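Everything below concerns the one structure shown next.
Atoms considered below: every heavy atom in the structure, side chains included; atoms not considered: hydrogens, waters and symmetry mates. Because the structure is a prediction, the values reported are computed rather than measured. Numbering of ligands and ligand atoms starts at 1, following listing order.
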Amino acid sequence: MIYQDSKILLEVRGLCASVNGIDILKDLDFTVRSGEIHAIMGQNGSGKSTFAKVLAGHPAYEVTNGTVLFEGQNLFELKPEERARAGFFLAFQYPIEVPGVGNSQFLRLTYNTVQKQRGKDELDPLEFDDFVREKMKLLEMSPDFLDRSVNAGFSGGEKKRNEILQMALLAPLVAVLDETDSGLDIDALRIVAHGVNQLSTKDNAIVMVTHYQRLLNYIVPDYVHVMEAGRIIKTGAKELALELESRGYDWVSAEYKGAAKAARSVSA
Ligand code: ADP
Ligand code: MG
């Protein structure tokens with residue numbers, strides 16, 4: 001929702017980033033205020049996951065230009081784990097399996113780390129068990145998943161739910177969900193969307209990365225952005241997602257190129 005007294009949580013200006021020496025993000029601007037839900041759409045390979053990973057601090061990606069402020073603080077001065085503790089959360093497109101690390105211990109450790117940072121009470125294993133089971137109910141997840149290794153042998157949809165469970169526990173300020181809808185059947189999609197909607201408040205913000213419109217029927221965005229070749233080339237309201245669904249992306253690209261050409265001829 002767009003609130004009058006919202007504050008800027010994330011401010012990205014002129015962001016450029018590369019991986020293996022290849023430029024992927026090219027002059028990307030993006031602003032997120034508290035209370036808002038954003039959707040970033042775009043064809044495969046447009047740089048959506050790269051953007052998400054750069055924000056999270058993935059070591060393979062090099063920031064070559066631009067700034068990102070997170071609650072006014074230079075995000076790039078923070079290590080990935082410090083970003084997480086400060087309230088930045090990324091649900092991965094491809095969550096990794098961590099055999100040998102119990103899901104319950106992992107979740108409790110991450111939860112307690114963030115609680116400590118916030119000066120709040122940490123939970124012992126028994127207290128945490130009650131707490132996490134409540135959160136799992138929200139996502140209609142079986143408590144059996146607590147006793148297994150993190151994501152090990154989980155189906156695609158189960159991994160996605162486990163990501164959203166982490167989000168529910170950590171209550172991040174800014175959550176980026178990278179293709180959380182992919183691999184979910186329609187029932188799981190509804191459950192996950194319901195969970196995400198319950199987590200959306202006037203104080204936090206959610207950024208959904210997706211190339212399907214379908215998720216946006218359940219989590220309604222305030223803004224829809226189109227990404228192409230590493231930059232945001234159009235921003236609209238929720239209806240833009242429907243238009244993309246019916247008309248594809250080419251017209252947005254043509255419109256952007258036309259506007260860029262016109263700007264060049266004016267300045268020439
Ligand atoms: P999206 O999430 O929008 O599908 P990505 O951010 O995954 O797009 O990828 C953007 C571009 O960056 C693609 O052309 C992809 O091949 C390239 N890319 C991503 N990661 C790497 C990597 N580790 N090495 C080389 N190219 C990469
Ligand atoms: Mg991707």
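- In this structure, G47 counts as a contact residue of ligand 1, since one of its heavy atoms falls inside 4.0 Å of the ligand.
- Contact annotation: N44 places no N, O or S atom under 2.8 Å from the Mg ion (ligand 2).
- Salt-bridge annotation for D144 and R148: absent, with no side-chain N of the basic residue lying under 4.0 Å from a carboxylate O of the acidic one.
- Between E163 and K160 there is no salt bridge, since none of the side-chain N atoms of the basic residue sits less than 4.0 Å from a carboxylate O of the acidic one.
- Using a 4.0 Å cut-off between charged nitrogen and carboxylate oxygen, R214 and E245 do not count as a salt-bridge pair.
- For atom 27 (C) of ligand 1, a protein non-hydrogen atom is found at a distance below 4.0 Å.
- Within the 4.0 Å heavy-atom criterion, the part of N20 lying near ligand 1 is the side chain and not the backbone.
- A salt bridge is defined here as a Lys NZ or Arg NE, NH1 or NH2 lying under 4.0 Å from an Asp or Glu carboxylate O, and R190 with D187 meets this definition.
- Residue contact check: T50 has heavy atoms under 4.0 Å from atoms 5 (P), 6 (O), 9 (O), 10 (C) of ligand 1.
- The Mg ion (ligand 2) has no N, O or S atom of T50 inside 2.8 Å of it.
- Using the six-membered ring where Trp is involved, Y111 and F128 have ring planes that are tilted, between 30° and 60° apart.
- Between H38 and F30, the gap from one ring centroid to the other is short of 6.0 Å.
- Among the candidates R133, K135, M136, the single residue satisfying the side chain to side chain contact (heavy atoms under 4.5 Å, CB included) test with M141 is M136.
- For the pair K7 and E71, the salt-bridge criterion is met [side-chain N within less than 4.0 Å of a carboxylate O].
- With R13 as reference, T31 is the one residue of T31, T67, N65 to meet the side-chain hydrogen bond (donor to acceptor under 3.5 Å, both in side chains) rule.
- When only non-hydrogen protein atoms are considered, atom 7 (O) of ligand 1 lies nearest to S49 CB, 3.7 Å.
- At most 12 heavy atoms of other shown residues, nucleotides or ligands fall within 6.0 angstrom of atom CD1 in I96.
- With a 4.0 Å cut-off on non-hydrogen atoms, Q43 touches ligand 1 through its backbone and not its side chain.
- Against a heavy-atom cut-off of under 4.0 Å, N44 is close to the following atoms of ligand 1: 4 (O).
- A heavy-atom separation below 4.0 Å is found between Y61 and ligand 1.
- Within the 4.0 Å heavy-atom shell around ligand 1 one does not find G42.
- Contact annotation: for I24 versus ligand 1, heavy atoms closer than 4.0 Å belong to the side chain alone.
- For atom 21 (C) of ligand 1, the closest non-hydrogen atom of the protein is V19 CG1, 3.5 Å.
- Between Q93 and ligand 1, no pair of N/O atoms sits closer than 3.5 Å.
- There is a protein heavy atom closer than 4.0 angstrom to atom 4 (O) of ligand 1.
- Here's the thing with G45: one of its N/O atoms is less than 3.5 angstrom from an N/O atom of ligand 1.
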